[in-house]
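Some notes on the structure that comes next.
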Amino acid sequence: MRPVGIVVATLAAIGAYTGVILNNISELERERHDFAELQARKILLSFETHTIRLFDLADLYLRSARHFVEQEGGDHLGRFLDRIAPPRSGLYSSTLTVLDRRGRVTFSSNPALIRGADLSDQPVFLHFRNAARDDLLIGAANHSTVGDQQYFHVARPLLNGKELAGIVMLDVHSSQIAAFYRDMTLGPNSSAAIFSLDRKLIARQPPPVADAAPMGSLQIWSDAEARAEGRFRKRSLLDGVERTFLYKRLADHPLVVVIGFADSDLAAGLDGAKRSEIVETTLFTLTALAFAFLVLVMEGRNRRLAEAERASRATAELLERSNADLERFAYVASHDLKTPLRVITGYAQMLDRRYRDKLDEEANEYIAFLTAGTKRMYRLITDLLHYSRINSQAKPLQPVSAARAADIAVSNLKAVIEESGATVTVGGLPTILADESQLSSLFQNLLGNAIKYRHPERKPDIRIEAVRLSGTIWRMAVKDNGIGLEPEHFERIFVIFQRLHADSAYEGTGIGLALCQRIVTRLGGRIWVESKPGEGSTFFFTARDASGD
């Protein structure tokens with residue numbers, strides 16, 4: 001490979017890795033948004049039920065109070081309050097007021113409203129004076145931007161035939177909407193609101209800002225007129241926060257309930273993941289560039305040796321030295337390249353111990369990212385070296401007891417098996433053509449994965465079995481009862497560096513199953529998986545019988 005090709009390949013790898021990281025971040029953002037929307041839909045359903053119950057109970061209370069006034073008169077309404085208290089602590093705080101046909105107060109549970117006070121200019125009175133029909137009026141909220149000072153009216157008329165004889169009215173404070181909003185889990189900038197279909201704000205938490213836009217300019221009405229429920233995304237005109245809104249029109253009342261979750265809350269939860277991805281990308285880029293530099297050095301040396309060999313037989317010695325250099329390069333990959341990583345890890349840990357109380361939380365977090373990244377790179381280099389030596393340092397294939405290789409793997413994993421409480425059953429296994437060290441490594445990787453990806457609600461139960469497919473071919477199986485995986489990942493898991501889970505969930509470099517596949521390929525077989533999510537997985541591989549071709 002020419003130097004230009006090496007540089008291009010290295011840059012392409014860095015670009016591909018960066019693209020994967022960016023795609024991961026984008027996918028994570030989409031997943032968080034989809035999850036937040038799913039939660040919002042559940043909350044909207046609860047809010048709808050809650051709101052219907054709120055106004056149904058308010059209407060029931062108004063009808064009861066009106067019936068008492070019609071039967072016993074407004075002067076004795078205090079007895080009604082003694083027997084049937086307004087629904088205060090359970091649902092909302094309220095004040096019961098009765099007006100006569102002229103709009104004067106004849107009774108109020110609010111001491112500030114004296115008997116005879118004139119409320120004939122209030123919208124609730126004007127509504128029934130202009131149209132004296134028996135319906136429930138839900139009035140608009142007052143203009144207060146303080147949560148505990150917000151209220152709205154719920155009223156029914158007192159009728160004498162078709163004439164207006166008065167009004168029974170509740171001044172409902174928005175404490176129940178505030179309580180519902182505090183119980184939401186969509187983030188600190190989420191919102192909950194109730195609007196009427198005639199473009200009035202009934203209740204909202206948090207309260208609108210003082211210079212909020214007029215109700216007629218909000219998008220909710222044009223959408224709600226077309227569809228009974230839906231979603232839209234925009235910057236709220238009531239407080240300037242960018243949100244995704246879900247709304248639903250109530251069937252029993254002329255109202256629309258709305259739940260909104262903020263983009264800023266979703267973005268805040270991704271800051272740590274983005275920083276981690278940036279640190280990991282930086283470490284990968286530096287390592288890839290260093291590796292490419294070493295490859296370029298070796299490429300130049302090999303080219304010079306090849307030219308010298310064509311010129312003279314004496315260059316054979318140079319070629320032998322070049323091969324020795326290649327072996328030393330493998331040593332560099334396994335030792336010298338690990339050394340600076342260990343040094344970086346050591347100094348990062350020293351910084352953490354000495355300066356943890358002197359640095360801010362962000363600096364401590366960066367040190368943790370640095371330590372985790374170097375440790376992950378150390379494991380990656382070790383696994384890559386092991387992967388590259390499957391063919392170069394392997395022993396010739398010879399008759400090997402698969403049962404003995406499985407026992408070696410079980411013995412190597414004894415501590416992990418005991419810690420996890422796993423049960424490993426090894427059935428009758430044949431003698432096959434293999435390298436015992438590599439075969440035991442194959443079993444160890446498959447057993448280790450079965451224990452690592454165990455189901456959280458049950459102990460691992462792992463079985464190793466074998467079935468003869470023909471006179472010369474055996475099929476081995478390692479079956480577990482773990483978490484399983486989706487069919488679309490069956491091929492992907494055998495690709496080097498491909499991982500289905502984040503490092504925070506399961507440790508690993510994504511090389512184990514690729515190494516298993518390479519070992520099985522050297523045995524002349526193939527490896528595959530069958531699995532169902534939540535029910536476990538079975539890894540199969542084939543190998544040749546030791547008795548003949």
Side-chain angles (χ1 to χ4, degrees), residues 323 326-327 330 333-334 382-413 424-453 462-480 485 487-500 508-531 536-549:
N323 290 334
L326 286 174
E327 291 295 330
S334 64
T382 301
D383 289 349
L384 273 174
L385 182 63
H386 191 189
Y387 179 82
S388 67
R389 289 179 172 176
I390 291 298
N391 292 322
S392 64
Q393 295 190 0
K395 298 177 182 178
L397 300 184
Q398 58 185 358
V400 170
S401 169
R404 172 177 164 78
D407 288 342
I408 293 173
V410 171
S411 178
N412 291 341
L413 293 172
V424 180
T425 305
V426 181
L429 302 181
T431 299
I432 61 174
L433 288 176
D435 175 339
E436 184 178 77
S437 175
Q438 291 186 353
L439 184 59
S440 63
S441 177
L442 171 62
F443 280 125
Q444 185 169 328
N445 270 287
L446 295 178
L447 286 173
N449 278 354
I451 295 172
K452 179 193 297 185
Y453 299 106
I462 309 165
R463 287 179 288 166
I464 304 177
E465 305 168 342
V467 175
R468 184 186 286 274
L469 298 182
S470 67
T472 59
I473 300 297
W474 286 91
R475 185 190 70 191
M476 311 283 186
V478 179
K479 184 175 183 180
D480 65 61
L485 64 153
E488 59 263 28
H489 301 311
F490 286 179
E491 296 295 331
R492 179 185 170 195
I493 59 175
F494 294 103
V495 179
I496 192 168
F497 299 135
Q498 290 295 312
R499 306 197 67 228
L500 305 184
T509 59
I511 294 180
L513 287 176
L515 186 143
C516 291
Q517 185 178 55
R518 196 165 190 187
I519 292 175
V520 172
T521 300
R522 184 168 181 265
L523 299 181
R526 71 183 186 93
I527 186 171
W528 71 98
V529 65
E530 294 179 2
S531 178
S537 304
T538 302
F539 284 84
F540 299 96
F541 67 90
T542 57
R544 291 176 292 165
D545 189 88
S547 61
D549 296 332

Validation row: [X], [Y] side chains within 4.5 angstrom (heavy atoms):
X      : Y      : value
Leu523 : Thr542 : no
Val478 : Asn449 : no
Ile464 : Leu447 : yes
Phe539 : Ile493 : yes

Which heavy atom in [X] sits nearest to a heavy atom in [Y], and how many Å separate them?
X      : Y      : value
Ala406 : Val426 : CB-CG1, 4.2 Å
Leu485 : Val529 : CD2-CG2, 4.5 Å
Ala409 : Phe443 : CB-CB, 3.7 Å
Pro399 : Ala546 : CB-CB, 3.8 Å
Leu413 : Gly448 : CD1-N, 3.8 Å
Ala466 : Trp474 : CB-CE3, 4.1 Å

Hey, what do you get for [atom1] ([X]) to [atom2] ([Y]), rounding to the nearest 0.5 Å?
X      : Y      : atom1 : atom2 : result
Asp480 : Ser537 : CG    : OG    : 5.0 Å
Asn445 : Gln517 : CG    : CD    : 12.5 Å
Asp435 : Arg522 : CG    : CZ    : 5.5 Å
Ser441 : Ile519 : OG    : CD1   : 4.5 Å
Asp545 : Leu469 : CG    : CG    : 11.5 Å
Phe540 : Arg526 : CZ    : CZ    : 10.0 Å

TODO: Could you go through the side-chain contact (heavy atoms from CB on, under 4.5 Å) check for Leu513 and Leu446 one step at a time?
DONE: CA-CA 8 Å; Leu513 287 176; Leu446 295 178; 3.9 Å; yes
Open item on the list: Donor-acceptor check, side chain of Arg518 to backbone of Thr521, threshold 3.5 angstrom: yes or no?
Closed with: no
Open item on the list: Whether the side chain of Ser401 engages the backbone of Thr431 through a donor-acceptor N/O pair (distance < 3.5 Å, no angle test) should be reported.
Closed with: no
- [ ] Show the numbers, then the answer: is there a side-chain contact (heavy atoms from CB on, under 4.5 Å) between Ile408 and Glu436?
- [x] CA-CA 10 Å; Ile408 293 173; Glu436 184 178 77; 4.1 Å; yes
TODO: Decide yes or no on side-chain contact (heavy atoms from CB on, under 4.5 Å) for Arg544 and Ile432, but give the supporting numbers first.
DONE: CA-CA 6 Å; Arg544 291 176 292 165; Ile432 61 174; over 6 Å; no
Open item on the list: Can you confirm whether more than 12 heavy atoms, excluding those of Arg404, are under 6.0 Å from its CZ atom?
Closed with: no
